[in-house]
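Just so you know, ligand 1 is whichever comes first in the structure, and atom 1 is the first atom listed for that ligand. Remember, it's a predicted structure, so these values are computed and weren't measured experimentally.
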Amino acid sequence: MITKNINIAIDTLNNNDVVAIPTETVYGLAGNAFSESALNKIFAVKKRPLFNPLIVHIKSIEQLESIAIEIPENAIKLAKYFWPGPLTLILKKNSAVSNLVTAGKPTVAVRVPNHPLTLSLLDSLQFPLAAPSANPFGSISPTSAKHDLNYFEKTIDVILDGGDCENGVESTIIGFEDNEPILYRHGSISIEEIELKIGKVKIHTNNNSNPNAPGMLSRHYSPSTSIYLTNNVTEIINSFYEKKIGLLMFKNKVIADEIIHQEILSENGDMKVAAQNLYAALHRLDNCNLDVIIAEKFPDKGLGKTINDRLERAAKKS
Ligand code: AMP
Ligand code: MG
């Protein structure tokens, strides 16, 4: 059921069942972070491998003490500045946090989401919510209640409808070695904005067999149609002779006979708007029965880095 009634979501979560919840980034698949049965249901519904840890959503910075210890000064600084907001911090976990949430790691991912409905939901609950994105493992993240329904109509009972997600891409993930910040995932807050607050941030390099942040697995966020990411869209169109082509463009329209469907992410070249539209456009393209989606590379700065990161993973074959 899609509902705007927060009381239904509260009852369902108090029963240790799962609810799809709106956030400013993408929809989450939420359950009581302290309930093993709710956590198991999240993994089962998403078909998420157990090595892939979850993000814990708390109502305010004060609730941090219920899950994390030895919090670095720079983490507090970032939390005070960006919460509620699309910044996830990786912190040392306390003993109340189950190994299921953290996939056995000594650290826990945590943030305060910036969505009015979900903030009042968190305020009405006696526990934080573990909530990864509400998509089957590896597929495109959901940015509307309708996307959730398409994925989970048969497997979950309650989708809390908070409208379309305002930011449209996942949170930025920052961890620490002592007090030194490390970027684990590009996200809704650009690395430049983070560096303005705490200085240079090291970029974590990942490998697929032991991914620290599985959002960094090389194939992720993928539609079922093949994607090609390119700086030169017209050249690639010519190499797909007589194929049904879909285009995902930043701001300029392309005219060509082979194009069945075309998505322009922001006609004014606004990267925030482009990020907001990205996943919805990919969902639409994926429903057009195309042979191939050709996506235009973004300028490699600010949110363009995050969008390129998602498109690169979507385009990976394995
Ligand atoms: P999702 O909400 O589906 O984007 O998934 C949560 C993301 O947070 C995944 O990429 C996780 O790997 C990442 N994450 C959660 N906990 C940790 C952790 N302890 N260390 C590093 N990354 C984490
Ligand atoms: Mg995800």
Side-chain angles (χ1 to χ4, degrees), residues 18 20-31 33 39 42-43 45-58 64 67-72 75 86-94 97-113 115 118 128-143 147-148 151-152 165 167-177 181-189 202-223 275 278-279 282-283 306 309-310 313-314:
V18 299
I21 57 163
T23 82
E24 79 283 31
T25 58
V26 301
Y27 272 73
L29 187 65
L39 295 169
I42 293 172
F43 281 97
V45 167
K46 267 186 74 93
K47 297 196 169 68
R48 183 173 177 109
L50 288 169
F51 67 72
N52 198 339
L54 309 177
I55 295 176
V56 176
H57 292 67
I58 56 174
L64 252 190
I67 60 165
I69 50 172
E70 298 171 29
I71 304 166
L87 172 73
T88 296
L89 297 174
I90 305 293
L91 303 171
K92 214 178 253 184
K93 81 175 188 81
N94 72 13
V97 178
S98 135
N99 281 329
L100 257 182
V101 171
T102 67
K105 286 176 192 297
T107 49
V108 60
V110 58
R111 82 179 188 101
V112 181
H115 190 290
T118 290
L129 290 173
S133 53
N135 52 316
F137 181 66
S139 49
I140 312 168
S141 298
T143 54
H147 294 157
D148 296 332
Y151 282 143
F152 299 127
C165 299
N167 295 32
V169 288
E170 292 80 357
S171 58
T172 304
I173 303 184
I174 302 279
F176 301 87
E177 261 167 27
I182 300 163
L183 177 87
Y184 283 101
R185 175 172 79 184
H186 286 286
S188 211
I189 300 172
K202 207 162 89 181
I203 311 243
H204 180 264
T205 44
N206 199 48
N207 72 47
N208 264 344
S209 61
N210 182 19
N212 247 320
M216 297 177 87
L217 282 173
S218 44
R219 179 177 165 84
H220 206 78
Y221 315 107
S222 304
L278 177 68
Y279 289 138
L282 275 172
H283 280 284
T306 303
D309 172 85
R310 300 303 188 271
R313 291 174 210 283

Numbering as shown, the atoms of ligand 1 that approach [X] to under 4.0 Å (heavy-atom distance):
{"X": "Ile173", "result": "7 (C), 8 (O), 13 (C)"}
{"X": "Pro132", "result": "2 (O), 3 (O)"}
{"X": "Asn52", "result": "9 (C), 11 (C), 12 (O)"}
{"X": "Ser133", "result": "1 (P), 2 (O), 3 (O)"}

Contact between [X] and ligand 1, counting heavy atoms under 4.0 Å?
{"X": "Leu54", "value": "yes"}
{"X": "Lys93", "value": "no"}
{"X": "Ile90", "value": "yes"}

Handout entry: Distance, nearest 0.5 Å, that separates CG of Leu278 from OG of Ser141
Key = 9.5 Å
Exercise for the section: Going by heavy-atom distance to atom 5 (O) of ligand 1, choose the closest among Arg48, His57, His204. Expected result: Arg48
Handout entry: Residue selection (non-hydrogen contact nearest atom 14 (N) of ligand 1) among Pro106, Pro53, Ala130, Ala131
Key = Pro53
Problem - salt_bridge(Arg111, Glu24) N-O dist < 4.0 Å - result: yes
Practice task
Indicate yes or no for a side-chain donor-acceptor contact from Lys46 to the backbone of Asn135 under 3.5 Å, with no hydrogens or angles considered.
Solution key: yes
Any nitrogen or oxygen of [X] lying under 3.5 Å from a nitrogen or oxygen in ligand 1? Just yes or no.
{"X": "Lys105", "answer": "no"}
{"X": "Thr102", "answer": "no"}
{"X": "Glu170", "answer": "no"}

If you take all heavy atoms of [X] and [Y], which pair is closest and at what distance?
{"X": "Leu54", "Y": "Ala109", "value": "O-CB, 3.9 Å"}
{"X": "Leu29", "Y": "Ile42", "value": "O-CD1, 3.7 Å"}
{"X": "Gly175", "Y": "Ile90", "value": "CA-CB, 3.7 Å"}

Fill in the blank from the handout: ring pair (Phe, Tyr, Trp, His ring centres under 6.0 Å) filter on His186, not counting sequence neighbours, yields none
Handout entry: Per-residue contact class, Thr88 against ligand 1 - non-hydrogen pairs under 4.0 Å
Key = neither
Problem - 2.8 Å cut-off met by an N, O or S atom of Ser133 to the Mg ion (ligand 2) - result: yes
Exercise for the section: Answer with yes or no after comparing the ring centroid distance for Tyr151 and His283 against a 6.0 Å cut-off, counting only values under it. Expected result: yes
Exercise for the section: Return the set of residues passing salt bridge (charged side-chain N to carboxylate O under 4.0 Å, His left out) with Lys47 (not counting sequence neighbours), or none when no residue passes. Expected result: none
